[in-house]
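Below is one structure, written out as structure tokens; comments come after it.
By convention here, the first residue in the shown sequence is residue 1. Please read all numbers here as calculations on a predicted model, not as lab measurements. Just follow the structure's listing: the first ligand is 1, and inside any ligand the first atom is 1.
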Amino acid sequence: MEITLVKTTTPKPKPDPAKLGFGRFFTDHMFVWDYNPEQGWHDPRIVPYGPLELDPASAVLHYGQAVFEGMKAYRGPQGEVLLFRPEQNMARLNRSNARMSIPQFDEEFALRAIKELVALEREWIPTAPGTALYIRPFIIATDNVLGVRPSATYRFMVILSPVGAYYEEGLNPVSIYVEPHYVRAVRGGTGFAKAAGNYAGSLLAQKNAVAKGHSQVLWLDGIERKYVEEVGAMNVFFSIGGQMVTPDLGDSILPGVTRDSILQLLRSWNVPTVERRLSVEEIFQAHAEGTLVEAFGCGTAAVVSPIGRLEYQGRLIEIGGGKIGELTQKLYDTLTGIQTGRLPDPFGWVVRVDV
Ligand SMILES: *Cc1c(COP(=O)(O)O)cnc(C)c1O
């Protein structure tokens, strides 16, 4: 399939790299690919970034049949353009599609389209430490019918955003509210998929946590509300008694590429590491016994984000004395070093884009 290109005639000025924030600026072009049952995925094209014209009856606007991904492109030391394990994001997007009754797409072709778009927009990749070009693929249902059923037609798009640090706090430890009532995902639900509605449903708890002076929510399991699952839209690790513990994957936890990379790094460093159920009581117990040493969230956007405080049902604990943990820092330095081509890539994670 040939990807057609229509270049913008009105390129935008690049934003000030010191004031990027997260996901506020967008590049000059976007990728668009349509689906219908007769032609399958067809008419792949790179066109000027701009608004969509959607029928008000479009299925996505009513029942939220939509999925997305998040990945980053970096500039290497010689100016080369680098992606991090992008095939993992394409595979996960198809798994999200399967859960949301959206047709499968050709992962190799989609990755080729992303590479072409990123190569075209390479001047938008910021180079300051902590910055990157965020890549947001997403798929929406476009049937103009109000019946509740899978749409027959879809649109796959990719937009790009130069980004700075995800949290204004940067790598400083953040305060986390353990949510006792609302849950993010349930067994048999859609938590393992990057499905748009999961995030809409999480906003109220997030808003309440912010009102209480925290920056994120720690989600508990949807059945007993005892076991930790994720922190905000990140996976979570705790260092307890000399062991790194992260919740084992089930269908209520998003299988993060960062989580998987951290597991591989920790194992290669011979750090004792387990994936298992972990109750919030065990975490508070470990804190009382002095064996809770570090905790962090992890995901593409923030890479790692240290947890400095946890509040649960009126009890408040501090972790790491307000400082980032030693292992947390080493994971951040190693991951970002590999991602930006400044450290060797022993796992073969980095994919170079031809420009
Ligand atoms: C995207 C996401 C993550 C992190 O996944 P990465 O592949 O590491 O970016 C974790 N949890 C949720 C809920 C997410 O949406």
Looking at [Y] and [X], is there a salt bridge between them, counting it only when a charged N and a carboxylate O are closer than 4.0 Å?
{"X": "Asp354", "Y": "Arg352", "result": "no"}
{"X": "Arg259", "Y": "Glu275", "result": "yes"}
{"X": "Glu311", "Y": "Arg315", "result": "no"}

(message) Out of the candidates Arg155, Gln39, His42, only one should pair with Asp34 under the side chain to side chain donor-acceptor pair (under 3.5 Å) rule; please name it.
(response) Arg155
Can you pull every nitrogen or oxygen pair between ligand 1 and the protein closer than 3.5 angstrom?
unit_1   : atom_1 : unit_2 : atom_2 : d
ligand 1 : 7 (O)  : Arg92  : NH1    : 2.8
ligand 1 : 7 (O)  : Arg92  : NH2    : 3.0
ligand 1 : 7 (O)  : Val257 : N      : 2.8
ligand 1 : 8 (O)  : Val257 : N      : 3.3
ligand 1 : 8 (O)  : Thr258 : N      : 2.9
ligand 1 : 8 (O)  : Thr258 : OG1    : 2.6
ligand 1 : 9 (O)  : Thr300 : N      : 2.9
ligand 1 : 9 (O)  : Thr300 : OG1    : 2.6
ligand 1 : 11 (N) : Glu230 : OE1    : 2.5
ligand 1 : 11 (N) : Ala233 : O      : 3.4
ligand 1 : 15 (O) : Lys194 : NZ     : 2.7
ligand 1 : 15 (O) : Tyr199 : OH     : 2.4

(request) Decide if the gap between the ring center of Tyr199 and the ring center of Phe68 is smaller than 6.0 angstrom. (result) yes
May I have the list of side-chain donor-acceptor pairs in residues 131-138 shorter than 3.5 Å, sequence neighbours left out?
unit_1 : atom_1 : unit_2 : atom_2 : d
Thr131 : OG1    : Ala128 : N      : 3.2
Thr131 : OG1    : Ala128 : O      : 2.5
Tyr134 : OH     : Arg136 : NH2    : 2.9
Arg136 : NE     : Glu69  : O      : 2.8

